[in-house]
Protein chains: 2
Amino acid sequence: MTTVLIVDDQPLQRFGFRMLLESQDDMTVVGEAGSGTEAVRLTDRLRPDVVLMDIRMPDMDGIEATRRIVASGSPSRVLILTTFDLDEYAYAGLRAGASGFLIKDALPEELLSGIRAVASGDAVVAPRLTRRLLEAFADHLPAGEYGDAPGDPAAHPRLSSLTERERQILTVIGQGWTNSEIAARLHLAESTVKTHVGRILAKTGARDRVQAVILAYDTKLVRPA
Amino acid sequence: MTTVLIVDDQPLQRFGFRMLLESQDDMTVVGEAGSGTEAVRLTDRLRPDVVLMDIRMPDMDGIEATRRIVASGSPSRVLILTTFDLDEYAYAGLRAGASGFLIKDALPEELLSGIRAVASGDAVVAPRLTRRLLEAFADHLPAGEYGDAPGDPAAHPRLSSLTERERQILTVIGQGWTNSEIAARLHLAESTVKTHVGRILAKTGARDRVQAVILAYDTKLVRPA
DNA sequence: CCGGGCGTAGTACCGAGGTACGACGGCGAC
DNA sequence: GTCGCCGTCGTACCTCGGTACTACGCCCGG
């Protein structure tokens, strides 16, 4: 039986979670907390398998509460659950030692399987966040036996307004391709490529493709050979 | 409709995946590949939304194939799927630019939802791996600045034939300056700058200043901001 | 002294790159 | 439905970059 502590400042929200969890015969809600300080205190006392932690709370937010719970050496694992998919939250939450990070728009089944995964010692991150986390932390991944890789786009402020397609075009610009080469290899008209390039320059503030290349390197969109 | 390319050296395995995917009315298998080289070729030709990539294959493994697909600027996203949950594989695969990494013991539903997540631009990692990845993140987050070895750019073979002046010009090219800017700031005529640039391109084999910029970064003549 | 590398400078030419439009189909949000 | 974003394609125009070739003064080494 997986024991869960629900932490959220909204009673209605807690109620919904409780109903969902109690409907599962392998889970039980052992307590509820409405603030960070209460969460820390109850976790220490109840020692639940999983703490379902909201972020935005009065008194002490979920990140800080997570940090204290983890730092206390508690065996309880923290699964952060929030309305917001802001990167900083995920970043901070995981740094604080959370075992997972899900967004509240997740399907009920996803939440349940997430809780089970966390309870069994695994970890989960909402797919929407996983992508950005990987991008942000690809640099810091330990090198495997396969050596260096060309890495992947980084979520960088100057690139944030680019569409997926534009980021892709910028990548190949960074690899030194001419417009006509880009057109040929991506099966596009050169005029289309020019349109994309123009928009990339406008959005990033780069003056020409040379500065776009520099930007691509600086943001680690492309990497030195 | 999500288009998928199945890459696995075992025909029986491919058959199983095909059956599973084709049973979904929002997915279609557009091709199969039995090796890494074939995977790269077919991805370029078929441009599937998702490439379901096995790791252990003859000829070229899935990691290298992933690296090439991503480096080519392809819009296709790679979801690595393997029997082994070895960390190095996950690290290498994600560093290679994969959008996801699942283990073959996953439930069919998990595979399907993973494919959908990846197709929609998100990313997924098997929970069993997620935990260790997060630990790796945590370890490497505070680290940050571990600089590269000094390395004298001048020693690089492609730069060795450049004169001091040419290396200087190449450096400022690498900083994004136009010919006229270089002329103004170095108190030269633009024609002189053009002469230098032309010689630099000839000596280094770079086709244009864009490739010269890339060369400057690759040889560490200039470094990311 | 003279050859040769180097840095400087010029002219002429042309193609690639970038700008400024306009246009259209698809698709998701409202 | 309708609006707006995205990706696509087109035309026209002009600038910048790169090539080709020539030329001159400097300094060093033979």
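Treat the numbers as computed from the prediction; the structure is a model and nothing was measured. In what follows, chains are A, B, ... by sequence order, proteins preceding strands, each numbered from 1.
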Item to check | Sidechain-backbone polar pair: A:Q211 side chain, A:R207 backbone, donor-acceptor under 3.5 Å | outcome: yes
Checklist entry - Got a sec, which residues hit side chain to side chain contact (heavy atoms under 4.5 Å, CB included) with B:L42, two or more places apart in sequence or on another chain? => result B:L5, B:A33, B:E38, B:R45, B:L46
Checklist entry - What string of B, S and - do you get for nucleotides 14-25 of chain C, 5' to 3', when a contact is any protein heavy atom under 4.0 Å? => result ---BBS------
Next on the checklist: Please enumerate all residues that pass side chain to side chain donor-acceptor pair (under 3.5 Å) together with A:S180, with sequence neighbours excluded.
Outcome noted: A:T178
Checklist entry - Taking only residues at least two apart or on different chains, which pairs with a member in residues 182-199 of chain B satisfy side-chain hydrogen bond (donor to acceptor under 3.5 Å, both in side chains)? => result none
Checklist entry - Side chain of A:S99, backbone of A:L79: donor and acceptor closer than 3.5 Å? => result no
Item to check | Phosphate contact (C:dA9 OP1 or OP2) by B:S191 side-chain N/O below 4.0 Å | outcome: no
Next on the checklist: Reading DNA chain D from 5' to 3', where do the contacts with chain B start and stop? Cut-off is 4.0 Å to heavy atoms.
Outcome noted: D:dG17 to D:dT19
Checklist outcome for this item: Residues passing the side chain to side chain donor-acceptor pair (under 3.5 Å) test with A:S113, sequence neighbours excluded, are none
Checklist entry - Within this structure, what is the CD1-to-P distance between B:I182 and C:dG7, rounded to whole angstrom? => result 15 Å
Checklist outcome for this item: Here the distance between atom P of C:dC6 and atom CD of B:Q168, to the nearest Å, is 15 Å
Next on the checklist: Once ring pair (Phe, Tyr, Trp, His ring centres under 6.0 Å) is applied, what residue pairs with a partner in residues 198-225 of chain B remain, sequence neighbours excluded?
Outcome noted: A:Y217-B:Y217
Next on the checklist: Could you work out, with salt bridge (Lys or Arg N to Asp or Glu O under 4.0 Å) as the rule, every residue matching B:R41, not counting sequence neighbours?
Outcome noted: none
Next on the checklist: Using the salt bridge (Lys or Arg N to Asp or Glu O under 4.0 Å) criterion, which residues pair with A:E22? Sequence neighbours excluded.
Outcome noted: A:R18
Checklist outcome for this item: Overall bend of the helix from C:dC1-D:dG30 to C:dC30-D:dG1 (five pairs an end, 10° steps) is 40°
Checklist entry - C:dG5 P sits how many Å from B:L162 CG, rounded? => result 16 Å
Next on the checklist: Run the salt bridge (Lys or Arg N to Asp or Glu O under 4.0 Å) test against B:D26 and tell me which residues pass, sequence neighbours left out.
Outcome noted: B:R116
Checklist entry - Mind checking what makes side chain to side chain donor-acceptor pair (under 3.5 Å) contact with B:D9, not counting sequence neighbours? => result none
Next on the checklist: Tell me whether the side-chain N/O atoms of B:T192 come closer than 4.0 Å to OP1 or OP2 in C:dA9.
Outcome noted: yes
